[in-house]
Amino acid sequence: MKYNIRQYSNKMLGVAMLLIGTVGCSDFLEEQDPSNLQPESFYTTGTHAQAAIAAVYAEARFVGDGAGIFSSNWQFLMAPTGTTTTETAQNSDLNNLYSLSFDANTLHIRNWWGGIYQVIANANLVLENVPGIDMDEAEKNRVLGEAKFLRAWAYFYAVRIWGDVPLITVPQSATSEDFFPVRAPQQEVYGQIVTDLTEAENAGLPWTDESGRIGQAAVKTLLSKVYLTMAGQPLNETARYADAAAKAKEVIDNAGPIRLFETYGDLHDPSLNNMGEHIFSIQYNSLVADNPMDNMYPNFQPVTYRGPSGTGSTIPDIDFYNSYSDQDLRKENREGWFYTSYYRNGDGELFELGKPYIFKYFNRTADGTQGVPGTAMDNLNLMILRYAEVLLIYAEASNEVNGPTQEAWDALKAIRDRATLDTPALGTFNAQSFREAVWTERWHELAFEMKAWFDMVRLRQVYNVITGGFDAFVGHVNLNSNQPLQEKHLLFPLPEQETINSPNLTQNPGY
């Protein structure tokens, strides 16, 4: 959400400070200075409600925040998958993620915990205080629906990363009864996520919103993804496959302006932010915060207007790159997810990079393209949910319920058609072969979107880039590090400082 997000965030910071304490002496002031915001005076108008929800959106940008030299938070969920590697190796925390030797002090893990719970805390403030505001009811319901979506989105990350986690649904202070919370069972956390999203579905949200605010399509898409995850490990609620298929089908049948883009380049065209294939994205604007994916630039090669720069701390693992068919448009240089050559300083002569790099987030408007200098304004959003994933959720979930059907096959084929790949005839599939075809497509279509790790955990299966089949999670060797995945890696450790500060929190096994 780009409108006034900076001024709203600054307002909320002030309010947060006010919420920490109360006036200790009743006769210190007989009257309140009307220029000073107090907790009881802030949540009184529709403008305050909009400021509060803007602060929740703003906190979601923790995903792109820095994590030490040559590293960012978003690398946390890519490095352990084996799909990426680094050509700098100058950040020890990132190196530990690549080598599967991360622990409770790894910075990325601490940052994700803090970022997730900051989103939850701000959403709880909205949900606690906005209902009492005298304002337009439709506007109020929309704000509350957005807050429920964002809280559910945050908890969905938390429960998949750490398993049992503190379930906090009201604002906290030092006097709160559960100020030192215990870890709630995963099933209870998922129950809250489903409740929040179901209520958000009924909040009167528009279907889509080109400003970047949550729409009904985003709610239904996230809910379908939650159901798909619940059907897998560790909950194994297999009846949820039908729920996942039904919810994804609602998006497909009522798509409206939502569609697959005709070209992969449209996915990283900032003029198409929040349109077409984009269902929910974290919002970026150079006036507030640039797109945070610059750790994918080649290491000190002049591919942008900046000249020789970049860190190359996330580049594709060569074996994963080679797992794409040569006929796959997603592998085509500067057409799909990769590039092996670019224009010097963004707009000069073409030169070879010597290896493939990730092109999926390259902003040609900001960085330059053939004969066109870059604007230096990287306003590209960070995509979180897009229509391609809806089609793949439907194909997988429907197959688990009914086996390969025409509609499931059509959803898979739509993804492969855009990649210029032939799809075997429906009659050649059985449930298992179709299942693995969809899994493979998820690995190739959704690559570098912070999704592969969660597929690995819910399926207990990992794509083998050499054989093209799937290995059991435990014992699979990540070729980017030559290290095997262990049972403990199904969950990440809780940050050590959190377990020290909160004596009721227990650590995950193996850490």
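Keep in mind that the numbers below use all heavy atoms, side chains included, and drop hydrogens, waters and symmetry copies. Nothing fancy with the numbering, it's 1 onward along the sequence.
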| request: Can you see which heavy atom on Ser323 is nearest to which on His444, and at what distance? | output: OG-NE2, 3.0 Å
| said: Under a 3.5 Å cutoff, is there a donor and acceptor pairing between the side chains of Gln75 and Ser71? | reply: yes
| query | Taking the side chain as C-beta and beyond, is there a heavy-atom pair between Thr314 and Phe448 under 4.5 Å? | reply | no
| request: Look at the side chain of Arg151 and the backbone N and O of Glu146, then say whether any donor-acceptor pair between them is shorter than 3.5 Å. | output: no
| Heavy-atom pair with the smallest gap, counting every atom of Leu77 and Trp453 | O-CB, 3.8 Å
| request: Please round to the nearest 0.5 Å and tell me the distance separating atom OG1 of Thr86 and atom CG of Leu97. | output: 11.5 Å
| said: Checking Tyr357 now: which residues fulfil ring-ring contact (aromatic ring centres under 6.0 Å, His included) with it, not counting sequence neighbours? | reply: none
| query | Taking atom CD of Gln507 as the centre, does the number of heavy atoms from other residues, nucleotides or ligands within less than 6.0 Å exceed 12? | reply | yes
| query | Under 30°, 30 to 60°, or over 60°: which ring-plane class applies to Phe362 and Tyr297, parallel, tilted or perpendicular? | reply | perpendicular
| Under 3.5 Å donor-acceptor, Arg160 side chain and Phe156 backbone | yes
| What is the minimum heavy-atom distance between Leu505 and Pro166, and which atoms define it? | CD2-CG, 3.6 Å
| message | Minimum heavy-atom separation for Ala411 and Ala395, please, with both atom names. | response | CB-CB, 4.2 Å
Side-chain donor/acceptor pairs under 3.5 Å, residues 383-393, sequence neighbours excluded:
from, atom 1, to, atom 2, distance (Å)
Arg386, NE, Glu449, OE1, 3.3
Arg386, NE, Glu449, OE2, 2.9
Arg386, NH1, Glu277, OE2, 2.7
Arg386, NH1, Glu445, OE2, 2.9
Arg386, NH2, Glu445, O, 2.8
Arg386, NH2, Glu445, OE2, 3.0
Arg386, NH2, Glu449, OE2, 2.7
Glu389, OE1, Lys451, NZ, 2.8
Glu389, OE2, Lys225, NZ, 3.0

| field | Close side-chain approach of Leu491 to Ile161, heavy-atom, < 4.5 Å | value | no
| note | One should read off an interatomic distance between Asn363 CG and Thr365 OG1, to the nearest 0.5 angstrom, of 5.0 Å
| query | Which class fits the ring pair Tyr117 and Trp113: parallel under 30°, tilted 30 to 60°, perpendicular over 60°? | reply | tilted
| message | When you measure from the side chain of Gln172 to the backbone of Val170, do you find a donor-acceptor pair of N or O atoms at a distance under 3.5 Å? | response | yes
| remark: Distance col, row Gln283:CD vs Asn379:CG, nearest 0.5 angstrom, shows 11.0 Å
| request: Keeping the roles fixed (side chain from Asn430, backbone from Ser433), state whether a donor-acceptor pair exists under 3.5 Å. | output: yes
| Hey, what's the ring geometry for Phe76 with Trp112, parallel, tilted or perpendicular (30° and 60° as the breaks)? | tilted
| request: Just grab all the salt bridge (Lys or Arg N to Asp or Glu O under 4.0 Å) pairs involving residues 305-323, residues at least two apart or on different chains. | output: Arg306-Asp367
| task | Mark yes or no for whether Ser313, through its side chain, and Phe70, through its backbone, hold a donor-acceptor pair below 3.5 Å. | result | yes
| said: Do Ile358 and Ile315 make a side-chain contact, defined as non-hydrogen atoms from C-beta onward lying under 4.5 Å apart? | reply: no
| Separation between OG1 of Thr311 and CG of Asp294, rounded to the nearest 0.5 Å | 7.0 Å
| Can any side-chain N or O of Ser176 pair as donor or acceptor with the backbone N or O of Asp178 at less than 3.5 Å? | no
| query | Hey, is Glu352 close enough to Arg344 for a salt bridge, meaning N to O under 4.0 Å? | reply | no
| query | Given Phe470 and Thr440, is the side-chain contact (heavy atoms from CB on, under 4.5 Å) satisfied, shown in steps? | reply | CA-CA 9 Å; Phe470 285 83; Thr440 302; 3.4 Å; yes
| query | Do Ser286 and Asp378 come within less than 4.5 Å of each other through their side chains, counting heavy atoms only? | reply | no
| request: Check whether any side-chain N or O of Arg418 sits under 3.5 Å from a backbone N or O of Phe261 as a donor-acceptor pair, and report yes or no. | output: yes
| Backbone N or O of Gly469 within a donor-acceptor pair of the Asn464 side chain at under 3.5 Å? | no
| Charged N to carboxylate O below 4.0 Å: is that the case for Glu400 and Arg435? | yes
| Proximity of Tyr264 and Trp337 rings by center, below 6.0 Å | yes
| request: Decide yes or no for Asn345 and Thr304: does some side-chain heavy atom of the first lie under 4.5 Å from some side-chain heavy atom of the second? | output: no
| message | Could you go through His268 and Phe359, starting from their C-alpha distance and side-chain angles, then the distance that decides it, and tell me whether this counts as ring-ring contact (aromatic ring centres under 6.0 Å, His included)? | response | CA-CA 9 Å; His268 47 116; Phe359 199 56; 5.2 Å; yes
| request: Take Phe102 and His108, measure what side-chain contact (heavy atoms from CB on, under 4.5 Å) needs, and give me the verdict at the end. | output: CA-CA 10 Å; Phe102 49 83; His108 302 73; over 6 Å; no
| task | Examine distances only and state if a side-chain atom of Trp409 and a backbone atom of Pro404 form a donor-acceptor pair shorter than 3.5 Å. | result | no
| request: Check whether any side-chain heavy atom of Met293 sits under 4.5 Å from a side-chain heavy atom of Trp74, and report yes or no. | output: yes
| Shortest non-hydrogen contact between Asn295 and Ser72, atoms and distance | ND2-OG, 2.6 Å
| said: Is it the case that atom CG in Asp422 sees more than 12 heavy atoms from other parts of the structure closer than 6.0 Å? | reply: no
| message | Please verify the inter-ring angle class for Phe338 with Tyr324; under 30° counts as parallel, over 60° as perpendicular, anything in between as tilted. | response | perpendicular
| NZ/NE/NH1/NH2 to OD/OE distance under 4.0 Å, Arg240 and Asp243 | yes
| said: Determine whether Tyr463 and Trp439 satisfy the following criterion, ring-ring contact (aromatic ring centres under 6.0 Å, His included), listing intermediate values before the conclusion. | reply: CA-CA 8 Å; Tyr463 181 60; Trp439 290 353; over 10 Å; no
| query | Which value, rounded to the nearest 0.5 Å, describes the distance between Ser341 atom OG and Leu350 atom CG? | reply | 4.0 Å
| message | Ring-plane angle category for Phe454 and Tyr157, please: parallel below 30°, perpendicular beyond 60°, tilted otherwise. | response | tilted
| field | Glu441/Arg330 ion pair, N-O < 4.0 Å | value | yes
| task | Measure across Asn91 and Ala67 and return the closest heavy-atom pair with its distance rounded to 0.1 Å. | result | ND2-O, 3.1 Å
| Any side-chain heavy atom of Pro493 within less than 4.5 Å of one from Trp162? | no
| Audit row: Glu396, Leu228, side-chain contact (heavy atoms from CB on, under 4.5 Å) steps and yes/no | CA-CA 9 Å; Glu396 180 180 352; Leu228 184 72; 3.8 Å; yes
| Out of curiosity, Asn399 CG to Phe434 CZ, how far, rounded to the nearest 0.5 Å? | 5.5 Å
| query | Hey, mind stepping through Val226 and Leu197 against side-chain contact (heavy atoms from CB on, under 4.5 Å) and telling me if it holds? | reply | CA-CA 10 Å; Val226 169; Leu197 292 175; 4.0 Å; yes
| query | Side chain of Tyr394, backbone of Ala245: donor and acceptor closer than 3.5 Å? | reply | no
| request: Kindly indicate whether the side chain of Leu479, heavy atoms from C-beta on, has any atom under 4.5 Å from the side chain of Ile466. | output: yes
